Engineer: 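Mind having a look at this structure? Questions to follow.
Model, not experiment: these values are computed from the prediction. Throughout, a chain's letter reflects where its sequence line sits, starting with A, and its residues are numbered from 1.
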Amino acid sequence: MNERILTLQQYLLSKKYRELRSDEKLSVPQKQKSESQMMYSARFFSYITEKEEAVFYGKDDTLGFHLHYNNQISDGNQFGNLTIDYKKVLEIGLDGYFAEIGKRFQDADSKGSEFYSAARLCLFTLKKLVQKWRDKAKEEGRNRLYDALLQVPEGGASDYYQATVTCKFMQYALHLGGCRHITFGRFDQYMKPYFDASIANGMTQEELLNETELFFLSLNFDSDLYSVVQTGDNGQSMILGPEINDLTEICLRASEELRLIDPKINVRVNGDTPLSVYERGTKLTKQGLGFPQYSNDDVVIPGLVSLGYKKEDAEDYSVAACWEFIPSGNGADIPNIATMNYPKVVEIATKKHLRFSKDFPTFLQKTEKELISYAKRLIREKNKYKPLPKPLLSIFVVPCVKRGRDLSDCGAKYNNSGMHGAGLSTAADALAAIKKLVFEEKSVKKKDLLKALKNNFVGYEGLQKQLLACPKMGNNDDYVDDIAVRLMKTFSGYVNNKPNNRGGIWRAGTGSAQEYVLSGKKVGATSDGRNAGEPFACSYSPSLQAQIIGPLSAIQSFTKPDLKETINGGPFTIEIHDTVFRNEEGEKKVAALIKSFFDLGGHQMQINAINRDKLLDAQKHPEKYPNLIVRVWGWSGYFNELDQEFQDHVIRRCEYGEN
Amino acid sequence: MIGKIFAIEEFATFDGPGIRMSVFLKGCPMRCEWCHNPEGQSPETEYKRNQNGCLACGACVGVGGGRLVEKSVEVCPRNLVKKCGEDISCDDLCKRIMKNADLLNATGGGVTFSGGEPLMQSDFVKECIDYLRPKVHCALQTSGCAAEETFQKVLACCNFVLYDLKLMDKNQHVRYCGVDNELILKNYETLASSGKDFVTRLPLIPGVTDTEDNITAVASFMQRLSVDKIELLPYNKLTGSKYSSLMRKYTPSFDGNIAPSPRVKIFTGRGIQVKVL
């Protein structure tokens with residue numbers, strides 16, 4: 001990191017630039033009666049762009065493109081959590097889209113005409129937005145940027161700097177237009193030609209590292225305004241690999257040096273990935289940012305193909321904001337539209353069926369039936385969802401322009417829906433405890449268990465201890481792991497390939513998103529010994545109540561299910577004490593552990609270097625840790641900016657390897 | 001045979017090559033002032049209480065007449081009292097290790113018998129190693145404080161040894177570790193000439209083991225035996241944190257706030273490679 005980047009980083013962390021934003025509350029333009037929702041969306045974007053002001057931060061040449069208003073307004077549609085076709089944007093620029101639309105306009109049907117009109121207005125607005133920043137850059141003598149803006153993003157990029165300007169502009173403009181969680185996709189692959197062009201122009205690797213750091217830094221200025229559920233949850237992820245090129249290495253190094261929450265790095269691996277790649281990734285993990293997150297092509301690609309994705313699209317997959325595997329630039333999948341709440345299902349089944357089940361297999365079958373009807377209800381309910389038109393975003397997702405159809409009208413190639421699977425470990429543990437204590441040992445009476453659960457274990461503390469001592473998922477114990485395998489199989493078997501209402505299908509996953517905390521609140525005490533309202537594990541991990549022997553047992557437990565069947569994604573998450581990373585030997589062992597998980601058939605993994613004592617201290621003395629970063633669910637954020645319940649969850653996760 | 005252990009760790013990163021499981025055997029003849037595993041000292045089962053979240057209700061010590069006892073585990077409303085010391089058969093222990101054998105082997109790792117002092121249960125350790133060794137790499141982490149024949153017996157069957165030296169001066173050794181160092185030095189000589197793969201370790205305790213005199217003596221001793229590598233373990237200020245859970249006080253006579261001096265040059269000057277962990 002050079003002096004200039006360091007100064008900019010200090011400026012970013014000081015948050016002083018936020019004073020330059022406006023607190024003014026813009027009024028939301030009303031939709032006119034005669035106006036279609038499609039045109040309204042385009043006009044809304046035009047309105048907000050008119051209001052937007054180009055304000056550069058800092059004296060130095062940041063890339064600019066910062067949202068000016070603290071209070072973002074919306075046209076009521078936050079379509080997103082996908083990646084646009086950056087490759088094409090970089091090649092043809094905004095004007096290329098103009099030309100394509102112009103060509104198709106005359107032969108369009110009425111729906112097509114409407115879409116093209118709206119898309120054209122959006123493109124026109126985008127050009128005005130570019131003009132605004134270009135004028136400002138000229139006025140302030142930011143010559144390098146000004147020169148770049150004479151060519152991009154209106155035209156195609158011809159070198160790496162121009163390409164980063166285009167990417168940053170797109171990210172900014174789409175957020176300005178109310179699109180959320182627009183991820184960067186396969187950055188090291190589509191940027192490579194521009195990287196090579198700059199090398200050919202005589203730039204050094206070191207200079208291109210600086211360029212990358214400047215770009216990464218610039219993404220962090222608007223992190224807070226892009227966020228959705230919690231600060232940091234802003235969708236600025238990218239996925240690198242599996243072919244590791246010079247740019248991949250530079251991205252990893254930039255992220256490692258900057259230690260900022262954006263962009264969140266994912267790395268694709270496969271059976272041929274050498275240990276050295278994991279070792280490289282572990283150096284980044286060591287920084288405590290909670291990334292990279294890894295995904296295993298050997299599981300993901302066949303999983304996507306079995307869901308109907310074309311092989312070439314499956315091979316070109318990216319991740320959505322958190323972990324959901326999505327196609328690159330041609331999908332309008334909504335991978336987070338529903339969540340299977342496994343413990344809720346077990347709660348329902350326990351209340352309804354435990355009393356009348358003669359043995360455990362009967363009870364398990366009843367539970368599975370409840371699981372299916374829960375999924376069925378979710379699908380029925382979510383299949384009513386009709387996204388509103390979003391012409392601005394549709395332009396950049398293929399083949400909307402070719403088809404003359406908006407994303408909301410199935411303009412994209414893929415229009416699938418995803419269902420997360422939250423709290424699997426809690427559910428499996430609860431069923432294992434019932435199996436053991438109620439049906440096998442018969443040491444607990446059904447009615448006592450039901451009463452204990454109803455009373456949240458008050459007056460049943462002894463019973464709660466018995467439940468807590470039962471087998472838990474994560475200890476490589478088939479007794480409970482087999483139950484988890486069955487629940488997942490039932491879940492994915494029912495959900496996968498069920499039709500949705502947008503011409504696509506449903507996909508089952510292992511993620512939880514924020515639901516590990518929020519859904520946890522809606523579930524009473526469970527028979528694994530968990531108290532009412534307590535959170536579940538984050539995504540696909542041992543429950544907070546489980547005493548886990550160690551990571552070797554855990555990775556074996558969590559690779560027993562066939563993870564090709566839950567390709568909506570959701571990482572196995574593991575916390576490793578930060579002292580393990582104190583020398584290269586420790587780092588190498590962490591890398592070997594990650595590789596082991598994938599060798600066993602794992603689909604996705606996320607590793608945190610964590611120190612409980614430090615986090616506890618940070619809760620007490622936030623002022624001492626202004627820049628402490630933690631992984632929350634599919635993203636990393638500043639510890640101090642999280643709600644306490646999310647802070648608490650990070651602290652309670654199982655931690656391995658403190659010697 | 002039955003052994004007594006106080007922990008099994010699955011991802012012990014500093015106990016030998018590759019990913020390793022560590023088995024911690026209970027009981028140690030030494031009483032090093034800086035011991036960071038005080039629950040490994042007594043060969044008897046003990047009970048410990050995690051202070052984090054303790055309501056100070058007194059139920060645990062109430063049932064034990066002021067001490068933590070078996071019943072304390074049951075009565076703690078927060079589940080903070082844990083048994084420390086598990087009797088386990090060689091068969092059960094080895095089966096638990098074998099469940100991870102493929103993963104351990106794939107990373108060039110294995111199992112490390114640690115403690116406490118594993119040689120206090122040498123027959124048990126030997127039986128486990130004999131069972132495991134055809135399939136899993138077995139290491140011994142020892143202070144070397146054991147009868148010569150005991151040490152030789154286990155040395156002969158394991159693949160790798162992590163050997164701790166502390167103080168070369170006999171009186172100092174008695175003062176800080178509670179025992180004479182004669183056997184330790186003798187066993188070390190045996191190890192050095194055995195042809196077995198091993199690593200020497202020295203904890204750096206400020207003002208105690210990191211003095212110029214001691215380090216010079218250690219380095220000369222190693223040089224005489226043609227040992228060419230050592231790992232130094234700087235004193236960790238968190239060492240004392242486990243004592244309170246055993247209701248014991250940590251009262252070292254040295255000042256733990258002083259940074260230890262590795263004096264690397266004394267070793268390298270004698271052709272000994274140094275790794276500071």
Engineer: Where is the tightest heavy-atom contact between Ile576(A) and Phe11(B), given as atom of each residue plus distance?
Structural biologist: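 So the minimum-distance heavy-atom pair works out to CD1-CE2, 4.2 Å.
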Engineer: Between NZ of Lys99(B) and CG of Asp477(A), what distance do you get to the nearest 0.5 Å?
Structural biologist: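 CG of Asp477(A) is found 5.5 Å from NZ of Lys99(B).
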Engineer: Could you give the distance from CG (Leu552(A)) to CZ (Arg20(B)), rounded to the nearest 0.5 Å?
Structural biologist: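 Going from the CG atom of Leu552(A) to the CZ atom of Arg20(B) covers 12.0 Å.
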Engineer: Report, as yes or no, whether the 6.0 Å neighbourhood of atom NZ on Lys588(A) holds more than 12 heavy atoms from other residues, nucleotides or ligands.
Structural biologist: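 Count not over threshold, so no.
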Engineer: Using non-hydrogen atoms only, which part of Glu461(A) is less than 4.5 Å away from chain B: side chain, backbone, both, or neither?
Structural biologist: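 For Glu461(A), no heavy atom lies under 4.5 Å from chain B.
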Engineer: Is it the case that the side chains of Gln464(A) and Asn79(B) hold a donor-acceptor pair, with the cut-off being a distance below 3.5 Å and no angle test?
Structural biologist: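 Gln464(A) and Asn79(B) do not have a side-chain donor-acceptor pair below 3.5 Å.
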Engineer: So which atom in Leu277(B) and which in Glu585(A) form the shortest heavy-atom distance, rounded to 0.1 Å?
Structural biologist: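 Scanning both residues completely, I find the closest heavy atoms to be CD2-OE1, 4.4 Å.
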Engineer: Report the residues that fulfil ring pair (Phe, Tyr, Trp, His ring centres under 6.0 Å) with Tyr540(A), sequence neighbours left out, ordered by chain and then residue number.
Structural biologist: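 Checked Tyr540(A) against ring pair (Phe, Tyr, Trp, His ring centres under 6.0 Å); matches are Phe558(A), His603(A).
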Engineer: To the nearest 0.5 angstrom, please state how far the CD atom of Gln556(A) sits from the CG atom of Asp102(B).
Structural biologist: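 The distance works out to 8.0 Å.
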Engineer: Under 6.0 Å from the CD atom of Glu584(A), do we count more than 12 heavy atoms belonging to anything else shown?
Structural biologist: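 No.
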Engineer: Ile555(A) vs Leu103(B), test: side-chain contact (heavy atoms from CB on, under 4.5 Å). Steps then yes/no.
Structural biologist: CA-CA 10 Å; Ile555(A) 64 174; Leu103(B) 289 176; 3.9 Å; yes
Engineer: What part of Gln547(A) is in contact with chain B, defined as an atom under 4.5 angstrom from a non-hydrogen atom: side chain, backbone, both or neither?
Structural biologist: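 Looking at Gln547(A), just its side chain touches chain B.
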Engineer: Tell me, please, which residues at least two apart from Phe536(A) pass ring pair (Phe, Tyr, Trp, His ring centres under 6.0 Å).
Structural biologist: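 For Phe536(A), no residue satisfies ring pair (Phe, Tyr, Trp, His ring centres under 6.0 Å) once neighbours in sequence are set aside.
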Engineer: For the candidates Leu104(B), Thr107(B), Ile19(B), which exhibits the highest count of non-hydrogen atom pairs separated by less than 4.5 Å from chain A?
Structural biologist: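 Option with the greatest count: Ile19(B).
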Engineer: Donor-acceptor pair, distance only, cut-off 3.5 Å: does the side chain of Lys589(A) make one with the backbone of Gly109(B)?
Structural biologist: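 Judged by distance alone, no pair lies under 3.5 Å.
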Engineer: Walk me through whether Glu10(B) and Ile548(A) qualify under side-chain contact (heavy atoms from CB on, under 4.5 Å).
Structural biologist: CA-CA 10 Å; Glu10(B) 273 195 352; Ile548(A) 299 300; over 6 Å; no
Engineer: Can you confirm whether more than 12 heavy atoms, excluding those of Gln619(A), are under 6.0 Å from its CD atom?
Structural biologist: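 Above 12, so yes.
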Engineer: Do you know which of Ser553(A), Ala592(A), Gly586(A) has the most heavy-atom pairs with chain B at a distance under 4.5 angstrom?
Structural biologist: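 With the most close heavy-atom pairs to chain B, the winner is Ser553(A).
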Engineer: With a 4.5 angstrom heavy-atom cut-off, is it the side chain or the backbone of Leu600(A) that approaches chain B, or both, or neither?
Structural biologist: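 It is the side chain, since no backbone atom gets that close.
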